[in-house]
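In listed order, ligands and their atoms are each counted from 1. By convention here, the first residue in the shown sequence is residue 1.
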Amino acid sequence: MTDVYSIPAEIAKSALIDQQKYTEWYDRSIKDPEGFWAEQGKRLDWIKPYTKVKDVSFTGDVHIRWFHDGTLNVAANCLDRHLATRGDQTAIIWEGDDPSESAHITYRDLHERVCRLANAMTDLGVKKGERVTIYLPMIPEAAVAMLACARIGAIHSVVFGGFSPDSLGGRIQDCDSSLLITADEGLRGGRKVPLKANADKALESCGSVKNVIVVKRTGGDVAMSAGRDHWYHDLVEKAAPTHVPAEIDAEDPLFILYTSGSTGKPKGVLHTSGGYLVYAAITHQYVFDYHDGDVYWCTADVGWVTGHSYIVYGPLANGATTLMFEGVPNYPTVSRFWEVIDKHKVNIFYTAPTAIRALMREGEAPVKRTSRASLRLLGSVGEPINPEAWTWYHRVVGDDRCPIVDTWWQTETGGILITPLPGATKLKPGSATLPFFGVKPVMVDAEGKILEGAVEGNLCIAESWPGQMRTVYGDHERFIQTYFSTYKGMYFTGDGARRDEDGYYWITGRVDDVINVSGHRMGTAEVESALVAHPKVAEAAVVGYPHEIKGQGIYAYVTLVADEEPTEELRKELVNWVRKEIGPIASPDLIQWSPGLPKTRSGKIMRRILRKIAENQFDALGDTSTLADPTVVEDLIDNRMNRV
Ligand code: WTA
């Protein structure tokens with residue numbers, strides 16, 4: 001029997017949405033989506049109000065348009081419209097890597113900073129529709145840069161600061177950015193990250209970039225290329241502090257964010273302006289039950305979609321106070337998260353299961369020596385949260401007082417799709433529970449048959465919602481192929497799920513060749529192509545396996561070229577190679593030397609078998625009779641690396 005956690009009286013008293021309202025609104029949002037979203041769209045300020053709400057087709061050419069005859073400016077919605085009522089309210093609390101460094105930035109101040117950078121970018125010749133790549137640490141300038149792009153209608157592409165020069169270069173090339181905004185160095189856990197040096201390497205292969213703006217974060221020594229590189233502080237100091245926001249069509253692109261898929265290079269997920277912001281704002285308000293004056297903290301990095309929607313756009317559209325943290329959970333001590341909560345009186349805390357599992361290992365004492373009395377609500381995102389981590393989070397961090405919203409969504413969805421609402425939903429540890437307003441999940445079997453009732457299957461979404469991605473940048477065909485061709489007329493998420501007798505959803509994880517390492521999406525194909533790029537590697541196959549902290553670890557089967565000896569040294573070399581090619585998050589946890597890989601007679605690698613061996617479940621290999629050489633499997637089992 002699963003434990004069920006009812007809604008605490010304290011929460012019910014003030015919650016924006018209760019059980020009855022959830023049911024009423026949800027039913028309406030499904031029966032009359034146009035009416036529902038026409039009303040919700042009014043939460044934004046429009047320059048030209050929309051008269052059309054929805055124009056969507058999931059078949060044929062696949063097009064998705066929301067509020068499409070309206071115009072607005074996303075940055076003005078996040079800043080200007082708050083100035084009259086909350087100009088002096090803190091918009092961003094910045095907490096540095098070093099606990100002695102923090103700052104409060106008001107809406108007025110943030111507005112001025114964004115205006116200055118928008119002017120500086122315009123002076124550099126950046127125009128509406130141009131792409132700007134942002135490669136920054138977790139400093140306020142990251143939010144300023146995103147909003148400055150939005151202000152002039154430039155399309156930002158934020159690249160996580162942990163990515164390698166090659167990964168950065170590929171992302172710049174794919175969207176032909178004309179401007180790169182970076183910093184001298186980042187600072188994480190007391191260690192410096194050479195962002196500018198990485199950027200310089202990346203730019204060797206990126207002809208499109210005409211200008212680089214460099215934020216001085218650490219003051220470290222960096223090369224500045226005359227004519228191309230500009231110090232951020234010089235530019236903004238000279239720029240005017242006011243700026244008239246550009247009028248942007250609801251369906252003009254706001255940003256591109258690269259994410260891993262099951263095949264090929266990471267794809268540029270494209271989000272547009274009006275629908276995305278409506279969806280980020282409504283979900284931020286209701287999922288986190290955000291009340292005026294609350295201090296809200298999402299620990300994600302702005303390099304991921306969670307940082308876009310729930311550090312920057314959703315909270316700022318709602319006039320919230322959003323905390324931005326430069327550091328890591330275990331520096332200088334493993335109490336850091338809880339200390340920051342006490343320091344800034346955080347009410348709402350949103351983090352990832354991998355962080356919870358890592359901190360759980362340290363025991364209760366580092367948590368219990370802090371107060372956390374300000375906390376009202378906890379959130380989880382990025383991967384399935386195992387019930388053990390959930391109950392620890394609830395009991396130890398939340399003192400059994402704070403509901404947990406386990407929010408399921410994806411880069412592609414723009415915002416949260418399946419989630420509890422604190423005042424409306426009873427919780428079951430490990431379940432993302434019920435769909436948000438306007439979201440219609442369906443379970444399908446491998447043949448595409450829609451399954452009713454309590455079942456397990458593949459998770460699709462039947463109808464569009466305003467925050468949905470619109471296309472893969474520069475490759476609409478890939479968009480159609482990836483998301484709309486497996487199941488006709490539906491958006492296929494790539495996740496498997498179970499629906500229980502109460503209609504609650506339990507996400508079981510990816511059903512494609514994407515693995516989820518510490519909440520970061522990684523395509524096995526990407527790691528494989530990095531490995532085979534090494535001169536000593538002939539062939540590689542990568543799968544995920546259960547990992548206590550990371551959720552999934554990366555398990556690589558490597559066949560060396562003839563005459564190469566497998567050594568411990570080479571193993572380390574390959575790990576470092578992948579770190580360098582993609583970034584530290586892609587480091588293989590286990591490498592198994594494999595003289596051969598299990599292949600069908602037509603040469604296709606049988607990943608199912610490799611997954612089972614990596615999971616240490618080799619007695620359940622299933623049918624191996626179609627293998628070209630079944631003895632390969634015995635060797636792989638004998639030399640398996642994950643002996644749990
Ligand atoms: C997984 C992150 C279970 C899922 C916002 C999805 C989750 C992928 C949850 C998207 C959750 C995210 N429970 N699984 N609460 N949240 N996932 O694009 O497999 O980085 O498809 O977006 O993470 O990862 P992405």
> S380 to ligand 1: N or O pair under 3.5 Å?
Replying inline: no
> Are R336 and E95 ion-paired here, with the side-chain N under 4.0 Å from a carboxylate O?
Replying inline: yes
>> Quick test of your reading of the model: are E251 and R470 salt-bridged, counting only N-O distances below 4.0 Å?
In response: yes
> Given Q410, Q552, H520, R521, which has its nearest heavy atom closest to atom 20 (O) of ligand 1?
Replying inline: R521
> Any Lys/Arg nitrogen of R372 or D399 sitting under 4.0 Å from an Asp/Glu carboxylate oxygen of the other?
Replying inline: yes
> Given W408, Y310, W304, W409, which one has a non-hydrogen atom that is nearest to atom 5 (C) of ligand 1?
Replying inline: W409
> Out of curiosity, is G382 lining ligand 1, as in a heavy atom under 4.0 Å away?
Replying inline: yes
> Does R521 come within less than 4.0 Å of E412, counting only side-chain N to carboxylate O?
Replying inline: yes
>> Within ligand 1, which atoms have a heavy atom of T411 less than 4.0 Å away?
In response: 18 (O), 20 (O), 22 (O), 25 (P)
> Short list, please: which atoms of ligand 1 are under 4.0 Å from a heavy atom of N516?
Replying inline: 1 (C), 23 (O)
> Taking NZ, NE, NH1 and NH2 as the nitrogens, is one of them in R607 or E528 under 4.0 Å from a carboxylate oxygen of the other?
Replying inline: yes
>> With nothing but distance in play, are any N or O atoms of D406 less than 3.5 Å from an N or O of ligand 1?
In response: yes
>> Can you confirm, on distance only, whether ligand 1 has an N/O atom lying under 3.5 Å from any N/O atom belonging to T407?
In response: yes
>> Show the atoms of ligand 1 that are less than 4.0 angstrom away from any heavy atom in T306.
In response: 5 (C)
> Is it true that D589 and K550 have a side-chain N and a carboxylate O under 4.0 angstrom from each other?
Replying inline: yes
>> Under the criterion side-chain contact (heavy atoms from CB on, under 4.5 Å), I'd like the reasoning laid out for I93 against V295: C-alpha separation, chi angles, the key distance, then a yes or no.
In response: CA-CA 9 Å; I93 300 176; V295 176; 3.9 Å; yes
> Where's the contact between P384 and ligand 1, heavy-atom distance under 4.0 Å: side chain, backbone, both or neither?
Replying inline: both
>> For K428, run the salt bridge (Lys or Arg N to Asp or Glu O under 4.0 Å) check against D3, D406, D500 and tell me which one passes.
In response: D500
> Which residue and non-hydrogen atom of the protein lie closest to atom 21 (O) of ligand 1, and at what distance in Å?
Replying inline: D495 OD2, 2.6 Å
